[in-house]
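One-based numbering along the sequence shown.
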Amino acid sequence: MNIQLSTIDSAERIFKIFKECKEKMENENIFQWTESYPNMEIVIQDIDNKELYELSSETEILGVVCLNVYQDPEYGNIDWLDKTGNALIIHRLAINPVFQNKGLAKILMTFAVGYALNAGFKSIRLDAYSGNEKALRIYECLNYKKRGEVNFLGRKLPFFCYEKILKDL
């Protein structure tokens, strides 16, 4: 397995993973993503911005994660431990449903920690749909601490905001 920046050649396959994840979640009554999110435009933007990383085997993309510093405006109401503002934000973590439940999300999350440490970030932040109990368990098992919750348009349930401190503040 290998983790690398995604290229435009992977855009269609990555968007297919997002669509298949959305379908699987909806079949499990998890309505985390909407008809318009995530979309192909977002995939291309993440690739163009060099923020989308893919975990792949020799033949397939197994999963992806977007790493950047963009924080949704709703994050402003959260009582974050890291007041420096020097946080890496995790967005759109998705594992191809064929390869789920094999520890691949943890591999991408471990990659994100290494990336953040190498880049000098003091913390990592993310939000997770409160109705996605499997995702919540993963983040909590990886020692991310719940700091509050936010609501996003078109979602029935709130998203829990998590933070992991990487360096002394």
Side-chain angles (χ1 to χ4, degrees), residues 1-7 10-11 14 17-18 21 25 30 32-34 36-39 41-56 61-95 103-169:
M1 284 186 280
N2 181 38
I3 299 175
Q4 63 196 24
L5 273 172
S6 297
T7 65
S10 299
I14 292 167
I17 290 171
F18 285 143
C21 285
M25 286 188 289
I30 300 169
Q32 176 173 322
W33 288 341
T34 66
S36 61
Y37 179 89
N39 58 40
E41 182 179 322
I42 289 171
V43 171
I44 292 170
Q45 180 181 348
D46 289 346
I47 291 170
D48 286 347
N49 290 339
K50 298 189 181 329
E51 297 171 342
L52 192 63
Y53 291 85
E54 61 188 57
L55 171 64
S56 55
I61 298 173
L62 308 174
V64 295
V65 65
C66 177
L67 304 175
N68 64 32
V69 296
Y70 175 75
Q71 298 183 60
D72 288 295
E74 291 83 356
Y75 279 30
N77 297 323
I78 301 299
D79 183 24
W80 300 108
L81 294 171
D82 176 5
K83 308 292 187 204
T84 69
N86 188 12
L88 179 69
I89 315 301
I90 293 177
H91 305 276
R92 295 177 286 285
L93 173 68
I95 303 298
L104 301 179
K106 288 182 182 179
I107 290 172
L108 282 171
M109 292 298 292
T110 300
F111 170 79
V113 169
Y115 177 95
L117 287 168
N118 287 336
F121 288 101
K122 301 229 183 262
S123 65
I124 297 177
R125 296 177 181 170
L126 60 92
D127 60 69
Y129 191 60
S130 60
N132 190 339
E133 292 181 18
K134 188 189 319 183
L136 300 178
R137 277 194 307 274
I138 290 169
Y139 302 134
E140 290 168 6
C141 284
L142 293 172
N143 296 315
Y144 285 77
K145 304 298 180 204
K146 183 180 170 197
R147 301 299 306 153
E149 59 184 61
V150 296
N151 291 292
F152 293 115
L153 192 63
R155 279 31 170 264
K156 183 177 177 182
L157 299 174
F159 284 69
F160 294 161
C161 293
Y162 287 93
E163 181 177 40
K164 182 178 193 120
I165 300 300
L166 302 174
K167 298 183 178 183
D168 292 336
L169 298 176

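- Residue Q4 comes nearest to N2 through the heavy atom pair OE1-ND2, 2.7 Å, listed as atom of the first residue, atom of the second, then distance.
- The OG atom of S130 sits 10.5 Å away from the CD1 atom of I30 when rounded to the nearest 0.5 Å.
- Open room surrounds NZ on K106; 12 or fewer heavy atoms of other groups in view lie less than 6.0 Å from it.
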Discussion item. Please evaluate residues L104 and L108 with respect to the criterion side-chain contact (heavy atoms from CB on, under 4.5 Å), reporting the C-alpha separation (whole Å), side-chain torsions for both, the decisive distance (0.1 Å), and the verdict.
Written reply: CA-CA 6 Å; L104 301 179; L108 282 171; 6.0 Å; no

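- The structure places OG of S10 at 8.5 Å from CG of L52, a figure rounded to the nearest 0.5 Å.
- Considering every non-hydrogen atom in both K156 and Y129, the closest pair reads N-OH, 3.9 Å.
- Ring geometry, Y144 versus Y139: the interplanar angle exceeds 60°, so the pair is classed perpendicular (tilted spans 30 to 60°).
- Atom CD1 of I78 and atom CZ of R147 lie 9.0 Å apart (nearest 0.5 Å).
- With values rounded to the nearest 0.5 angstrom, I17 atom CD1 is found 7.5 Å from L62 atom CG.
- Here the straight-line distance linking atom CD1 of I107 with atom CD1 of I3 works out to 7.0 Å at 0.5 Å rounding.
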Worksheet item: Yes or no on side-chain contact (heavy atoms from CB on, under 4.5 Å) for S123 and L81, after CA distance, side-chain angles and deciding distance?
Response: CA-CA 9 Å; S123 65; L81 294 171; over 6 Å; no

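- Looking at residues two or more places apart in sequence or on another chain, you find a side chain to side chain donor-acceptor pair (under 3.5 Å) between N68 and E51, H91.
- Salt bridge absent: E163 and K145 never bring a charged side-chain N and a carboxylate O closer than 4.0 Å.
- Taking a 6.0 Å sphere around CD of E140, one finds it holds more than 12 heavy atoms contributed by other residues, nucleotides or ligands.
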Discussion item. I'd like to know whether R125 forms a side-chain contact (heavy atoms from CB on, under 4.5 Å) with D82, so could you lay out the CA-CA distance, the side-chain angles of the two residues, the decisive distance to 0.1 Å, and finally the verdict.
Written reply: CA-CA 10 Å; R125 296 177 181 170; D82 176 5; 4.0 Å; yes

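- Within the 4.5 Å cutoff, the side chain of L126 has heavy atoms near those of the M109 side chain.
- Across all non-hydrogen atoms, the minimal contact from F121 to L88 is CD2-N, 3.4 Å.
- Judged by distance alone, the side chain of K164 and the main-chain N or O of V113 form no donor-acceptor pair under 3.5 Å.
- A distance of 6.0 Å separates OH in Y75 from CD1 in I89, rounded to the nearest 0.5 Å.
- Formation of a donor-acceptor pair under 3.5 Å by the D72 side chain with backbone atoms of E74 is not found in this model.
- Among all heavy-atom pairs drawn from T34 and G154, the shortest one is CG2-O, 4.2 Å.
- The shortest non-hydrogen separation linking C161 to V150 is SG-CG1, 3.8 Å.
- The minimum heavy-atom distance between F159 and F152, with the atom names listed, is CD1-CD1, 3.4 Å.
- Proximity of the aromatic rings of Y53 and Y115 is defined here by a centroid distance below 6.0 angstrom, and this criterion is met.
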